[in-house]
S.K.: 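Here it is: the structure, laid out below.
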Amino acid sequence: MEKWYLLTAAVLLGLTVRWTVSLNSYSGAGKPPMFGDYEAQRHWQEITFNLPIKQWYFNSSDNNLQYWGLDYPPLTAYHSFLCAYVAKFINPDWIALHTSRGYESQAHKLFMRATVLIADLLIYIPAVVLYCCCLKEISTKKKIATALCILLYPGLILIDYGHFQYNSVSLGFALWGILGVSYDWDLLGSLAFCLAVNYKQMELYHSLPFFCFLLGKCFKKGLKGKGLVLLIKLACTVVASFVLCWLPFFTEREQTLQVLRRLFPVDRGLFEDKVANIWCSLSVFFKIRDILPHHIQIMISFCFTFLSLLPACIKLTLHPSPKGFRFTLVSCALSFFLFSFQVHEKSILLVSLPVCLVLSEIPFMSTWFLLVSTFSMLPLLLKDGLLMPSAVTVMAFFIACATSFSILEKTSEEELQLKCFSTSVRKYFTCFTFLPRIIQHLFLTSVITMILLTMMTVTLDPPQKLPDLFAVLVCFVSCLHFLFFLVYFNIIIMWDSKNGRSQKKIN
């Protein structure tokens, strides 16, 4: 009985922090003509409720795509329609065509915040709780502590409740998919992940690990027997789920193509805002967008992304295991974030989700990464007036992790899961025993750097000739961190001797 009280308390604390952050101002409040992402979500409700489906993704006098045109898959549009249907009964002015643009009121803010919280309660939070309850080889209190730390992760809270998004829906579906395929409920897991992709196309960051893990299972069962049957069932599940989600847009070829054009805006260029990936960081020294033609940028981006994730995917296909699957999710999502085309700063949340899932396995490195991921969005968070919520949620998260896992004490080679790697290196360099100390020093330097950069960004004015100096520094420093983490997670994947053996499932 005690564990249920503790679990309920953890969930309630997570909900309290979320709602408290939501009481802050929102993205674009009082800033015409475009306002912000809050207005984008409201506008999609306006469009989906008042216009026929065939017009949702097309430019028209009633749907100016330059004003927050719908650019997410159909499931997001259906969600917007559902929210609009409820809004109509409360106050039709909230979704009135044209006249509701830039609508701002306390009642509407409460309604919009409630839609995010309800989505969290229905999809994301139950998946987190179930995942943590199924963790093996740790005590009940550790499971509850893990759930609390995941629910207190500041990045997702600040973006969904401060900046205003519904990332918890797609991430929640993805987590249900991870649970499904980890327990051999492969069809249900595939269905859940297809729903995630059809809600936000950025979930493609996780698609290759899902594909490789399931394909590896089919190979293991034998492609001339049960493996072939499973492969056919998986293919039918994926096709059926996509057909059902896209059915209204399959009536005409141009409809389908227009939705795809909206989902993958390659014309916007290699990158847009200040984002902590390799292309934005390199542009400080080399103006890649000016030097290389557009199609060459796309090819280079594709090649770097593909090559960086290939080793982990091959390893997972040949030796499928739940542990390898979780770490490959981290590696592939991070590769997409660092090297792919048109990355948004909020896309780091797609890397943070699988990192949260290995929090109990490598608490020190996971906590460090999750702190850096939140720091990488600092320019966006400051733009939305989220300095105080950011500081409070980051401190709460760090205290929860430090208390639950004693992270500062868990920096040995075994705790960092670098024992196999270090043993291999010591065959050639016997003095290679200082890796944990190096990582400790790097962590300390990292934390000091992030604190100093945050204070400088908040208190100092940048030089007139370099107005984006601090934002660029934040992105560059974060990018260096992410490159380090990419190497680290790939080392774990490639040197994990257990991946080649048959492993037990999560529970």
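Heavy-atom basis, side chains included; hydrogens, waters and symmetry copies ignored.
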S.K.: Under 4.5 Å between any side-chain heavy atoms of Lys274 and Leu380, yes or no?
M.R.: no
S.K.: Can Phe369 and Phe482 be said to form a ring-ring contact (aromatic ring centres under 6.0 Å, His included), step by step?
M.R.: CA-CA 8 Å; Phe369 178 90; Phe482 294 144; 5.6 Å; yes
S.K.: Is a side-chain N or O of Glu345 found less than 3.5 angstrom from the main chain of Val275, in a donor-acceptor match?
M.R.: no
S.K.: Would you call Met202 and His344 a side-chain contact if the rule is heavy atoms closer than 4.5 Å?
M.R.: no
S.K.: Looking only at non-hydrogen atoms, find the nearest pair between Val181 and Ser190 and report the distance.
M.R.: CG1-N, 4.4 Å
S.K.: Would the distance check show the side chain of Asn63 and the main-chain N or O of Trp56 forming a donor-acceptor pair, the cut-off being under 3.5 Å?
M.R.: yes
S.K.: Mind checking whether Met112 and Val116 have side chains closer than 4.5 Å, heavy atoms only?
M.R.: no
S.K.: Backbone N or O of Arg262 within a donor-acceptor pair of the Asp71 side chain at under 3.5 Å?
M.R.: no
S.K.: Which pair of heavy atoms, one from Ala174 and one from Phe210, lies closest together, and at what distance?
M.R.: O-CZ, 3.9 Å
S.K.: Has Lys143 got a side-chain atom pairing as donor or acceptor with Cys132's backbone, closer than 3.5 angstrom?
M.R.: no
S.K.: Tyr199 and Tyr72: aromatic ring centres closer than 6.0 Å?
M.R.: no
S.K.: Just by distance, with hydrogens left out, do Tyr166 and Thr76 show a side-chain donor and acceptor under 3.5 Å apart?
M.R.: no
S.K.: Begin from the C-alpha positions of Trp176 and Leu195 and carry the test side-chain contact (heavy atoms from CB on, under 4.5 Å) through to its verdict.
M.R.: CA-CA 10 Å; Trp176 281 112; Leu195 293 177; over 6 Å; no
S.K.: Do Ile362 and Phe489 make a side-chain contact, defined as non-hydrogen atoms from C-beta onward lying under 4.5 Å apart?
M.R.: yes
S.K.: Does Asn277 use its side chain to pair, donor to acceptor, with the backbone of Cys280 at less than 3.5 Å?
M.R.: yes
S.K.: State whether the side chain of Ser347 and the backbone N or O of Val343 hold a donor-acceptor pair below 3.5 Å, judged by distance alone.
M.R.: no
S.K.: With ring-ring contact (aromatic ring centres under 6.0 Å, His included) as the criterion, how do Phe405 and Phe364 come out once you've worked through the C-alpha distance, each side chain's angles and the decisive distance to 0.1 Å?
M.R.: CA-CA 8 Å; Phe405 299 106; Phe364 178 82; over 10 Å; no
S.K.: Within the distance-only criterion (no hydrogens, no angle test), does the side chain of Asp120 pair as donor or acceptor with the backbone N or O of Ile125 below 3.5 angstrom?
M.R.: no
S.K.: Report yes if some heavy atom in the side chain of Tyr78 is under 4.5 Å from a heavy atom in the side chain of Thr48; otherwise report no.
M.R.: no
S.K.: Going from OH on Tyr153 to CG on Leu158, what distance comes out if it is rounded to the nearest 0.5 angstrom?
M.R.: 9.0 Å
S.K.: Say you draw a straight line from CG of Leu316 to NZ of Lys217; how long is it, rounded to the nearest 0.5 Å?
M.R.: 10.5 Å
S.K.: Would you check if the side chain of Gln297 reaches a backbone N or O of Leu292 as a donor-acceptor pair within less than 3.5 Å?
M.R.: yes
S.K.: For Tyr131 and Ser182, does a side-chain donor sit closer than 3.5 Å to a side-chain acceptor?
M.R.: no
S.K.: Taking the six-membered ring for Trp and the single ring otherwise, decide whether the centroids of Trp368 and Phe485 are under 6.0 Å apart.
M.R.: yes
S.K.: Charged N to carboxylate O under 4.0 angstrom, Glu254 versus Arg261?
M.R.: yes
S.K.: Val17 and Leu151: side-chain contact (heavy atoms from CB on, under 4.5 Å), yes or no, with the steps?
M.R.: CA-CA 9 Å; Val17 172; Leu151 293 177; over 6 Å; no
S.K.: Near Tyr85 OH, under 6.0 Å, is it more than 12 heavy atoms from other residues, nucleotides or ligands?
M.R.: no
S.K.: Side chains of Ser308 and Ser335: do they bring a donor and an acceptor to under 3.5 Å?
M.R.: yes
S.K.: Checking Lys323 against Gln417: is there a side-chain donor and acceptor pair closer than 3.5 Å?
M.R.: yes
S.K.: Could you check whether Thr256 and Trp246, counting side-chain N and O atoms only, form a donor-acceptor pair closer than 3.5 Å?
M.R.: no
S.K.: Between Arg42 and Gln45, do the side chains contain a donor N or O and an acceptor N or O under 3.5 Å apart?
M.R.: no
S.K.: Main chain of Phe339, side chain of Ser301: is a donor-acceptor contact present, judged purely on distance under 3.5 Å?
M.R.: yes
S.K.: If every non-hydrogen atom of Cys313 is compared with every non-hydrogen atom of Leu208, which pair is closest and at what distance?
M.R.: SG-CB, 4.0 Å
S.K.: Check step by step if side-chain contact (heavy atoms from CB on, under 4.5 Å) holds for Ile157 and Phe397.
M.R.: CA-CA 11 Å; Ile157 295 174; Phe397 172 74; over 6 Å; no
S.K.: Of all heavy-atom pairs between Ala400 and Leu152, which one has the smallest distance, and what is that distance?
M.R.: CB-CD1, 3.9 Å
S.K.: Aromatic contact between Phe341 and Phe271, with the criterion being ring centroids under 6.0 Å apart: yes or no?
M.R.: no
S.K.: How far apart are the closest heavy atoms of Leu228 and Leu223, and which atoms are they?
M.R.: CB-O, 3.2 Å
S.K.: What pair of heavy atoms forms the shortest contact from Ser168 to Tyr124, and how long is it?
M.R.: O-CB, 3.5 Å
S.K.: Do Leu263 and Val259 have side chains that approach each other closer than 4.5 Å (heavy atoms only, starting at C-beta)?
M.R.: yes
S.K.: With a 6.0 Å cut-off (strictly less than), is the heavy-atom count around CD of Gln66, excluding the residue itself, greater than 12?
M.R.: no
S.K.: Please check if the number of heavy atoms outside Phe211 that lie under 6.0 Å from its CZ is greater than 12.
M.R.: no
S.K.: Can you tell me how far apart CG (Leu230) and CG (Leu214) are? Round to the nearest 0.5 Å.
M.R.: 7.0 Å
S.K.: Decide yes or no for Phe219 and Pro320: does some side-chain heavy atom of the first lie under 4.5 Å from some side-chain heavy atom of the second?
M.R.: no
S.K.: So, taking the atom named OG in Ser424 and the one named CG in Leu418, what distance separates them when rounded to the nearest 0.5 Å?
M.R.: 11.0 Å
S.K.: Please determine whether a side-chain nitrogen of the Lys or Arg among Arg18 and Asp160 lies less than 4.0 Å from a carboxylate oxygen of the Asp or Glu.
M.R.: no
S.K.: Find the distance between CZ (Phe193) and CG (Asp186) and round it off to the nearest 0.5 Å.
M.R.: 14.0 Å
S.K.: What distance separates Cys479 SG from Phe337 CZ, expressed to the nearest 0.5 Å?
M.R.: 8.0 Å
S.K.: Flag the pair His206 / Phe173 as yes when their ring centroid distance falls below 6.0 Å, and as no otherwise.
M.R.: no
S.K.: Side-chain contact test, heavy atoms from C-beta onward, threshold under 4.5 Å: evaluate it for Tyr183 versus Leu188 and give yes or no.
M.R.: no
S.K.: Might you confirm whether atom NZ of Lys221 has over 12 heavy atoms from other residues, nucleotides or ligands at distances under 6.0 Å?
M.R.: no
S.K.: Closer than 3.5 angstrom, by distance alone: can the side chain of Ser241 be matched with the main-chain N or O of Val238 as a donor-acceptor pair?
M.R.: yes
S.K.: Quick one: ring-ring contact (aromatic ring centres under 6.0 Å, His included) partners of Trp279, sequence neighbours excluded?
M.R.: Phe304
S.K.: Does the side chain of Lys346 pick up a donor-acceptor pair with the side chain of Asn167 at under 3.5 Å?
M.R.: no
S.K.: Could you tell me which residues satisfy ring-ring contact (aromatic ring centres under 6.0 Å, His included) with Tyr67, sequence neighbours excluded, listed by chain and number?
M.R.: His43
S.K.: Kindly determine whether Cys133 and Leu7 satisfy side-chain contact (heavy atoms from CB on, under 4.5 Å), including the steps that lead there.
M.R.: CA-CA 10 Å; Cys133 287; Leu7 184 59; 4.2 Å; yes
S.K.: Within the supplied structure, the quantity of interest is the number of heavy atoms (other residues, nucleotides, ligands) at a distance under 6.0 Å from Phe306 CZ; does it exceed 12?
M.R.: no
S.K.: Quick one about Gln55 and Asp62 (side-chain donor to acceptor, distance below 3.5 Å, no hydrogens or angles considered), yes or no?
M.R.: no
